[in-house]
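Structure record follows, encoded as structure tokens.
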Amino acid sequence: MSEWVLGIMGGSGLYQLDALQDAQWTHVDTPWGAPSDELLTGHIAGVRCVFLPRHGRGHRIGPSQLNYRANIDAMKRMGVTDLISISAVGSLREDMPPGDFIVADQFIDRTFARESSFFGQGLVAHVSLADPVCPRLSALAAGAARKAGVTVHEGGTYLAMEGPQFSTRAESHMYRGWGADIIGMTAMPEAKLAREAELPYALIGMVTDYDCWRENEAPVEVESVIAQLSANADAGRGLVQYLAESLPETRAASPIDTVLDFALITDPAARDSALLAKLDAVAGRIFSPHDSAI
């Protein structure tokens, strides 16, 4: 077995992984509440994998109701070392049609109704998101997508909207003017929380539609999105298998593994014991047994 433990967040259309050997569903409790579902664990090519259907089996949970903190915390509790997100997205570019995949490397966060940090009153921390994804993991994911037989674009900006409604045409044109390449509803705060949890993160967007900026086309409808999701999901499952097979035998340390080393700003004597306890999986690595609390 390798040192890698690969976490997979399955987005719309991707609710299970058939390639997992010795697969079993595991219930995980977190201090942040319940994750979207049980986590499916197993092995692919000797690599331990932990899969979570982001919206739950049967797609029960909308993007604004997802417990993002519980989902990331559960991944940490299961020993995940690296996390990939496979997400359905709309295209904001003519040269990125439905069926293409894109490995995003930047985000614009337009969400507003979600808890976006593990830290807060009683324990303040600031992590850098200048480069919000892991370049090593992203490159490996792009290579795996090519092996899965899809057209893949490396690099691009993901616009995270609140939803659950799709964009207005005015918004879609505005996002294109901002330089966004794809649009979705779940990458934020997921990517932020993954960074706070010291998890190298990569996002693979599976294009389902052209949003609504193309004036000569009908607006986005769920029916057409679902039809494309089925084809994309098959390629997504293949991507995961090829990714696991391509991981180096030994996992070299990543700078993201230790981003909290210099992120905490609250004096140890002023730290909230209740919040410290909730952070046992996410940030327990950096806490001293002598940390005191108010």
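Sequence positions, counted from 1, serve as the residue numbers for this chain.
- A donor-acceptor contact shorter than 3.5 Å links the side chain of Asp37 to the backbone of Arg57.
- Smallest separation of non-hydrogen atoms from Val50 and Met75: O-CE, 3.7 Å.
- For the pair Gln24/Thr41, a side-chain contact is recorded, criterion being any heavy-atom separation below 4.5 Å from C-beta on.
- Between Asp95 atom CG and Asp100 atom CG the span is 8.5 Å, to the nearest 0.5 Å.
- Annotation for Ile102 and Gly156: closest pair CD1-CA, 3.9 Å, computed over non-hydrogen atoms.
- Annotation: side chain of Phe166 is not in contact with side chain of Cys212 (no heavy-atom distance under 4.5 Å).
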Working note: Arg60 + His55, criterion side chain to side chain contact (heavy atoms under 4.5 Å, CB included); need CA distance, chi angles, decisive distance, verdict. CA-CA 6 Å; Arg60 300 173 290 102; His55 297 278; over 6 Å; no
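- Atom OG1 of Thr30 and atom CZ of Arg69 lie 9.0 Å apart (nearest 0.5 Å).
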Verdict with supporting geometry, Phe118 and Leu279, side chain to side chain contact (heavy atoms under 4.5 Å, CB included): CA-CA 7 Å; Phe118 289 109; Leu279 289 164; 3.6 Å; yes
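- Side-chain atoms of Asp267 come within 3.5 Å of backbone N or O of Ala269 as a donor-acceptor pair.
- Cluster membership check: Leu275 shares its hydrophobic cluster with Leu260, using side-chain heavy-atom separations under 4.5 Å among Ile, Leu, Val, Met, Phe, Trp and Tyr.
- Ser36 contributes atom OG, which lies 11.0 Å from atom CD of Gln65 (distance to the nearest 0.5 angstrom).
- Taken together through direct or relayed side-chain contacts under 4.5 Å among Ile, Leu, Val, Met, Phe, Trp and Tyr, Phe287 and Val124 form parts of separate hydrophobic clusters.
- Looking at residues two or more places apart in sequence or on another chain, you find a side-chain contact (heavy atoms from CB on, under 4.5 Å) between Asp261 and Thr258, Arg285, Ile286.
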With side chain to side chain donor-acceptor pair (under 3.5 Å) as the test, would you mind laying out the steps for Arg54 and Ser85 before giving the verdict? CA-CA 9 Å; Arg54 185 187 288 112; Ser85 165; 2.6 Å; yes
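- Tracing side-chain contacts under 4.5 Å through hydrophobic residues (I, L, V, M, F, W, Y), one never reaches Met161 starting from Leu129; they form parts of separate clusters.
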Determine, stepwise, if the pair Met78 / Val28 fulfils side chain to side chain contact (heavy atoms under 4.5 Å, CB included). CA-CA 8 Å; Met78 294 298 290; Val28 179; 3.7 Å; yes
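- Note: Glu171 CD to Gln165 CD = 9.5 Å, rounded to the nearest 0.5 Å.
- Within the model, atoms CG of Asn71 and CG of Leu39 stand 8.0 Å from one another, a figure rounded to the nearest 0.5 Å.
- Put simply, the side chain of Ser167 never gets that close to the backbone of Arg169: no donor and acceptor are under 3.5 Å apart.
- Ion pairing between a basic and an acidic side chain is recognised when a charged N comes within 4.0 Å of a carboxylate O; Arg251 and Asp257 show such pairing.
- In terms of heavy atoms, Phe107 sits closest to Ala191 at CE1-CB, 4.0 Å.
- Of the residues listed (Asp82, Ile44, Ile84), the one engaging Ile8 in a side chain to side chain contact (heavy atoms under 4.5 Å, CB included) is Ile84, and it is the only one.
- The shortest side-chain heavy-atom distance between His153 and Phe101 does not fall under the 4.5 Å cut-off.
- Applying the side-chain hydrogen bond (donor to acceptor under 3.5 Å, both in side chains) rule to pairs touching residues 110-126 yields Tyr68-Arg114, Asp109-Thr111, Arg114-Glu162, Ser117-Glu196, sequence neighbours excluded.
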Output side-chain donor-acceptor pairs under 3.5 Å for residues 231-244, partner residues at least two apart or in another chain, one line each.
| unit_1 | atom_1 | unit_2 | atom_2 | d |
| --- | --- | --- | --- | --- |
| Asn232 | OD1 | Gln228 | NE2 | 3.0 |
| Asn232 | ND2 | Val207 | O | 3.0 |
| Asp234 | OD1 | Arg237 | NH2 | 2.7 |
| Gln241 | NE2 | Glu245 | OE2 | 3.3 |

Distance-only criterion, 3.5 Å: show the donor-acceptor pairs between side-chain atoms of residues 131-146 and protein atoms not counting sequence neighbours.
| unit_1 | atom_1 | unit_2 | atom_2 | d |
| --- | --- | --- | --- | --- |
| Arg136 | NH1 | Ala252 | O | 2.8 |
| Arg136 | NH2 | Ala252 | O | 3.0 |
| Ser138 | OG | Cys134 | O | 2.9 |
| Arg146 | NH1 | Glu154 | OE2 | 2.9 |

For Thr208 and Val89, run side chain to side chain contact (heavy atoms under 4.5 Å, CB included): C-alpha distance rounded to whole Å, both residues' side-chain angles, the deciding distance at 0.1 Å, then the answer. CA-CA 6 Å; Thr208 60; Val89 298; over 6 Å; no
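- Closest of all the heavy-atom pairs between Ala88 and Leu229 is CB-CD2, 3.7 Å.
- Residue Ala194 comes nearest to Leu83 through the heavy atom pair CB-CD2, 4.3 Å, listed as atom of the first residue, atom of the second, then distance.
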Indicate every side-chain donor-acceptor pair of residues 175-183 with a distance under 3.5 Å to a residue at least two apart or in another chain.
| unit_1 | atom_1 | unit_2 | atom_2 | d |
| --- | --- | --- | --- | --- |
| Arg176 | NH1 | Leu92 | O | 2.6 |
| Asp181 | OD1 | Arg93 | NH1 | 3.3 |
| Asp181 | OD2 | Thr157 | N | 2.7 |

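- Pro53 is listed as a side-chain neighbour of Phe51, based on a closest heavy-atom distance under 4.5 Å.
- By the side-chain hydrogen bond (donor to acceptor under 3.5 Å, both in side chains) test, Ser91 pairs with no residue at all, sequence neighbours left out.
- Using a 4.0 Å cut-off between charged side-chain N and carboxylate O, Arg77 and Asp73 make a salt bridge.
- Under the 4.5 Å side-chain contact rule for hydrophobic residues, Phe262 and Val127 do not share a cluster.
- Side-chain contact check for His43 and Asp22: no donor-acceptor pair (N or O, by modelled atom type) lies under 3.5 Å.
- Residues Val282 and Lys76 approach most closely at O-CE, 3.9 Å, considering heavy atoms.
- Once rounded to the nearest 0.5 Å, the distance linking OG of Ser87 with CD of Glu190 reads 6.0 Å.
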